[in-house]
Amino acid sequence: MVDRPHVLVVDEFLARGRSLAEELSRAGLDSSAAADPPQTCDGADVVLVEAAHPRRIEIIGRCAGGDGPAALVIGSGVCHEAVLHCLEAGAVGFVSAEESTESLVGALRDVVRRGALGGRRLTRRQTQVLALVAVGLPNREIATRLGIRHHTVKNHVQSILGKLGVGSRTAAVVALTGGGRGSVGHGHA
């Protein structure tokens, strides 16, 4: 695992992004800030994207491709649909802006650690299923929305629970939304 992971904070308001990057640096992370989406995310272990950034989907898509860094979304008062769109674009999870710095640092380190471990990361489809679970959809509706069989959704849910080390759909959603300092890993399978 990276001892001092580099976090790139992308916020449409550079001053706010720099402030958060400085706070993360004081907490032991190597961090920097940008207002515009970078052309490349090279050098970053995690890109922390502000949920209200007007180009968040583009930023996440750039980071999520290939061997790029994980993209984690941060925000407050964000609707589930916005989180779903970010996850569909490839974000690994969502953290509330109301979390303490300690919780945010823990979530960022967890994202880096999960990336290093590989096997616990969720596939793109598992991430989509979990995002739809988070908005309260039952398995049959998830299956219809994703164009897959009901039984396949049930299998995905069981795999998600196992990878996240939780025992229920509710606990998985808590991990997704950062309620327990968790974040959702995402891979390309």
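The first residue of the sequence shown is numbered 1, and numbering continues consecutively from there.
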K.L.:
Between Ser96 and Glu98, is any side-chain donor less than 3.5 angstrom from a side-chain acceptor?
P.N.:
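Note: Ser96 and Glu98 side chains meet the donor-acceptor criterion.
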K.L.:
Mind checking what makes side-chain hydrogen bond (donor to acceptor under 3.5 Å, both in side chains) contact with Ser168, not counting sequence neighbours?
P.N.:
none
K.L.:
Applying side-chain contact (heavy atoms from CB on, under 4.5 Å), name anything that partners Thr152, two or more places apart in sequence or on another chain.
P.N.:
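Testing Thr152 for side-chain contact (heavy atoms from CB on, under 4.5 Å), a comparison that skips the adjacent residues, returns Ile148, Arg149, His156.
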K.L.:
Between Ser159 (side chain) and Asn155 (backbone), is there a donor-acceptor pair under 3.5 Å?
P.N.:
yes
K.L.:
How close do Val166 and Ala171 get, counting heavy atoms only, and between which atoms?
P.N.:
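That closest heavy-atom pairing would be CB-CB, 3.6 Å.
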K.L.:
List in chain and number order the residues that pass side-chain hydrogen bond (donor to acceptor under 3.5 Å, both in side chains) with Ser25, two or more places apart in sequence or in another chain; answer none if no residue qualifies.
P.N.:
Ser31
K.L.:
So, do Arg109 and Leu29 sit near enough that their side-chain heavy atoms are less than 4.5 Å apart?
P.N.:
yes
K.L.:
Grab the two heavy atoms, one from Thr101 and one from Ala27, that are nearest each other, plus how far apart they are.
P.N.:
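Here Thr101 and Ala27 meet closest at CG2-CB, 4.1 Å.
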K.L.:
Under the side-chain contact (heavy atoms from CB on, under 4.5 Å) test, which residues partner Leu14, sequence neighbours left out?
P.N.:
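Checked Leu14 against side-chain contact (heavy atoms from CB on, under 4.5 Å); matches are Arg18, Ala33, Ala35.
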K.L.:
Mind checking side-chain contact (heavy atoms from CB on, under 4.5 Å) for Arg26 and listing every partner two or more places apart, or none if nothing turns up?
P.N.:
Glu22, Glu23
K.L.:
Which heavy-atom pair separates Pro138 from Arg169 by the least distance, and what is that distance?
P.N.:
CA-NH2, 4.2 Å
K.L.:
Which residues satisfy the side-chain contact (heavy atoms from CB on, under 4.5 Å) test with Asp11, sequence neighbours excluded?
P.N.:
Phe13, Arg16, Glu50
K.L.:
Would you check if Leu108 and Val112 make a side-chain contact, meaning some heavy-atom pair closer than 4.5 Å?
P.N.:
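They are not in side-chain contact.
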K.L.:
Please report the closest heavy-atom contact between Phe94 and Leu72, naming both atoms and the distance.
P.N.:
N-CD1, 3.9 Å
K.L.:
Test side chain to side chain contact (heavy atoms under 4.5 Å, CB included) on Ile60 and Val73; report intermediate values, then the result.
P.N.:
CA-CA 9 Å; Ile60 292 166; Val73 178; 3.8 Å; yes
K.L.:
How many angstroms lie between atom CG of Leu164 and atom CD of Gln126, to the nearest 0.5 angstrom?
P.N.:
9.0 Å
K.L.:
With a 4.5 Å heavy-atom cut-off, do Cys86 and Ile57 have their side chains touching?
P.N.:
yes
K.L.:
Report the distance from atom OG1 of Thr144 to atom CG of Leu137, rounding to the nearest 0.5 Å.
P.N.:
10.0 Å
K.L.:
Using a strict cut-off of less than 4.0 Å between a Lys/Arg side-chain nitrogen and an Asp/Glu carboxylate oxygen, indicate whether Arg62 and Glu58 qualify as a salt bridge.
P.N.:
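Answer for the salt bridge query: yes.
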K.L.:
Is the side chain of Arg56 donor-acceptor paired with the backbone N or O of His53 at a distance under 3.5 Å, no angle test?
P.N.:
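Side chain of Arg56 to backbone of His53, a donor-acceptor pair under 3.5 Å: yes, one is there.
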K.L.:
Enter the distance from Leu48:CG to Leu24:CG here, rounded to the nearest 0.5 Å.
P.N.:
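Taking CG in Leu48 and CG in Leu24, the distance rounds to 7.0 Å.
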K.L.:
Below 4.5 Å, heavy atoms only, C-beta onward: do Val47 and Pro69 meet side chain to side chain?
P.N.:
yes
K.L.:
Less than 4.5 Å apart, side chain to side chain, heavy atoms only: is that true for Ile142 and Val133?
P.N.:
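Side chain of Ile142 against side chain of Val133, heavy atoms only: contact under 4.5 Å found.
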K.L.:
Under 4.5 Å between any side-chain heavy atoms of Val46 and Leu8, yes or no?
P.N.:
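Not in contact.
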K.L.:
Considering only heavy atoms from C-beta outward, does the side chain of Asn139 approach that of Val157 to under 4.5 Å?
P.N.:
yes
